[in-house]
J.: 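Dumping the structure here so I can ask a few things about it.
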There are 2 protein chains.
Amino acid sequence: MNTVDTRTKILDVAQDLIQRVGVNAMSYRDISEAIGIRNAGVHYHFPTKDGLITALLERYSDDVLSLLDQIIASPESAETKLRRYFALFETTLLSGNQDKACLGGMLGAENESLDAALTEKVANFYRANERRLAVILVEGQQSGAFKFAGDAETMAVLVFSTLQGGMLLSRVKGDGTEYRAILERLVRMLKG
Amino acid sequence: MNTVDTRTKILDVAQDLIQRVGVNAMSYRDISEAIGIRNAGVHYHFPTKDGLITALLERYSDDVLSLLDQIIASPESAETKLRRYFALFETTLLSGNQDKACLGGMLGAENESLDAALTEKVANFYRANERRLAVILVEGQQSGAFKFAGDAETMAVLVFSTLQGGMLLSRVKGDGTEYRAILERLVRMLKG
DNA sequence: ACACTACCTTACTAGTAGGTAAGTAGTCCT
DNA sequence: AGGACTACTTACCTACTAGTAAGGTAGTGT
């Protein structure tokens with residue numbers, strides 16, 4: 001179906017735009033021009049902008065979390081799993097003109113200009129990441145790879161915060177390598 | 001002068017709005033309605049939006065950095081200085097409806113829809129924070145309060161990343177206490 | 001009394017925002 | 001062949017965007 005293709009194209013372009021310029025700087029016109037259809041054609045697939053962003057976040061969340069689950073299920077060490085998780089977002093950061101952030105981060109920053117249901121979905125995406133990070137951290141704690149005081153849950157929130165903040169800083173400063181340096185240092189701290 | 005008052009009011013309202021909804025969701029109309037003058041009256045003080053945001057960032061940067069310098073110059077311990085630095089941003093986060101982020105963070109997220117000069121100013125704000133954080137970290141390292149491997153500069157970038165990411169997460173999840181928990185944990189990690 | 005300036009106002013512009021109603025070309029099913 | 005469905009199109013809407021030109025007015029200095 002050509003429909004599916006167009007729908008996917010819309011989501012792809014919208015995601016790219018939001019990761020670059022943010023939700024409020026992305027318009028239906030930008031999308032329609034990028035894929036070569038008319039403004040109303042985009043509205044046919046996604047009647048409202050909130051609906052489009054909701055669909056986008058769901059797709060993104062499913063993609064990221066399933067990749068993350070694959071990493072957790074792999075037979076590798078906790079340290080390797082953590083690094084592979086970090087690399088997931090590094091790929092986004094280093095793609096194209098090195099100006100793309102995490103979709104969740106962008107939606108989080110602009111969440112007050114979104115509707116309440118979307119804010120909750122963004123929060124759930126964060127929590128889902130943190131839960132999975134906690135699993136990796138506990139695994140590393142038990143294997144002796146990670147040594148840190150206190151509960152793994154709070155540490156997971158800290159790690160996710162550093163990841164999101166690291167992407168922000170790295171992108172603004174135009175230095176894609178900084179992200180890696182930050183998280184490499186974090187891994188070393190976790191190893192004790 | 002009434003001029004100064006209006007100019008200050010414009011900056012205050014604009015800052016509040018940007019910290020809440022972001023740069024692109026804030027309009028001259030929002031500002032004019034909030035302070036009770038007409039749209040053109042705002043343009044009298046700040047002809048262009050980029051100019052307004054530039055002035056805003058400069059004021060914000062000066063404010064934050066001078067407070068930070070005061071903290072560094074105080075006779076307190078490095079650990080206390082670090083906590084007071086974190087508390088600076090916590091005040092913003094917990095003010096009003098607990099929906100305000102760091103201005104630097106918001107401008108960083110939406111930096112691609114700003115002009116290039118502004119992006120550089122945001123990056124410089126980040127670097128200025130990191131430099132001052134590095135001073136505190138070195139001080140703590142020398143006094144024995146902080147124990148960490150590697151250079152203080154990279155650690156300063158990590159700390160600032162965690163701070164920015166922590167604000168983002170805390171705000172999205174609507175839990176203002178999370179920020180404190182994250183940075184408290186970070187302090188404990190730095191103490192070794 | 002008069003000019004000058006600072007600080008606004010009214011009234012406007014061109015462009016863009018998200019969104020809609022009605023029409024159309026192609027495809028599928030009976 | 002006829003009808004229904006999908007995936008668009010053209011043409012339009014109202015509201016809002018940043019920004020401007022010209023005018024008014026209050027206060028100040030001479």
Side-chain angles (χ1 to χ4, degrees), chain A residues 1-57 59 106-107 109-119, chain B residues 1-18 20-57 106-107 109-119:
Chain A
M1 272 296 157
N2 201 16
T3 303
V4 176
D5 286 348
T6 300
R7 212 188 121 95
T8 304
K9 276 185 202 166
I10 291 170
L11 289 174
D12 289 345
V13 168
Q15 181 174 330
D16 192 87
L17 282 167
I18 294 176
Q19 289 181 324
R20 286 207 157 79
V21 299
V23 192
N24 293 307
M26 175 220 67
S27 71
Y28 269 57
R29 182 191 255 207
D30 294 330
I31 299 170
S32 68
E33 283 178 357
I35 63 173
I37 64 168
R38 300 293 177 168
N39 181 33
V42 183
H43 277 284
Y44 169 76
H45 293 282
F46 299 99
T48 70
K49 196 175 177 180
D50 276 330
L52 165 60
I53 298 166
T54 303
L56 193 54
L57 179 60
R59 190 185 70 155
M106 292 302 271
L107 295 181
E110 299 181 283
N111 90 88
E112 288 285 320
S113 51
L114 269 37
D115 72 5
L118 250 164
T119 299
Chain B
M1 275 293 159
N2 201 16
T3 304
V4 176
D5 286 347
T6 301
R7 211 190 122 94
T8 304
K9 274 185 201 167
I10 291 171
L11 289 174
D12 289 345
V13 168
Q15 181 173 332
D16 192 88
L17 282 166
I18 294 177
R20 287 207 157 78
V21 301
V23 192
N24 294 306
M26 176 219 68
S27 71
Y28 270 56
R29 182 192 253 206
D30 294 331
I31 299 171
S32 68
E33 282 176 358
I35 64 173
I37 63 168
R38 300 294 177 166
N39 181 33
V42 184
H43 277 284
Y44 169 76
H45 293 281
F46 299 98
T48 68
K49 196 175 178 180
D50 276 331
L52 166 60
I53 298 166
T54 302
L56 193 53
L57 179 60
M106 292 302 270
L107 295 181
E110 298 181 283
N111 89 88
E112 289 284 321
S113 51
L114 268 37
D115 72 6
L118 251 164
T119 300

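Chain naming here is simple, since letters A, B, ... match the order of the sequence lines and numbering starts at 1 in each.
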J.: When you compare the side chain of A:V13 with that of A:L17, does any pair of heavy atoms fall below 4.5 Å?
T.: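 Side-chain contact under 4.5 Å: yes.
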
J.: Heavy atoms, side chains only, cut-off 4.5 Å: are B:E110 and A:V21 in contact?
T.: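 A side-chain contact under 4.5 Å is absent here.
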
J.: Between D:dT9, D:dC8, C:dC8, spot the one nearest the side chain of A:T6, thanks.
T.: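 Nearest listed nucleotide: D:dC8.
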
J.: Using a cut-off of less than 4.0 Å, is there contact between a side-chain N or O of A:R38 and OP1 or OP2 of D:dC8?
T.: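 So the side-chain polar atoms of A:R38 never come under 4.0 Å of the phosphate oxygens OP1 or OP2 of D:dC8.
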
J.: Looking at A:L52, A:I31, A:D16, which hits side-chain contact (heavy atoms from CB on, under 4.5 Å) with A:L11?
T.: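 Exactly one candidate clears the test, A:L52.
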
J.: Rounded to whole angstroms, how far apart are OH on B:Y44 and C1' on C:dC8?
T.: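 Those two atoms, OH and C1', are 8 Å apart.
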
J.: What is the distance, rounded to the nearest whole Å, between atom NE2 of B:H45 and atom C1' of C:dT9?
T.: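 It works out to 12 Å between those atoms.
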
J.: I need the single residue from B:T8, B:D12, B:T6 that forms a side-chain contact (heavy atoms from CB on, under 4.5 Å) with B:I10. Which is it?
T.: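 That would be B:T6.
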
J.: Would you give a per-nucleotide map of nucleotides 14-23 of chain C, 5' to 3', where B means the base has a protein non-hydrogen atom under 4.0 Å away, S means only the sugar-phosphate does, and - means neither?
T.: --SSSBBB--

J.: Please check if any side-chain donor atom of A:S32 sits under 3.5 Å from a side-chain acceptor atom of A:N39, or the reverse.
T.: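 No, because no side-chain N or O of A:S32 sits under 3.5 Å from a partner of the opposite role on A:N39.
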
J.: Could you check if a side-chain atom of A:M26 sits within less than 4.5 angstrom of a side-chain atom of A:R20, using non-hydrogen atoms only?
T.: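 Result no, sub-4.5 Å side-chain heavy-atom pair not found.
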
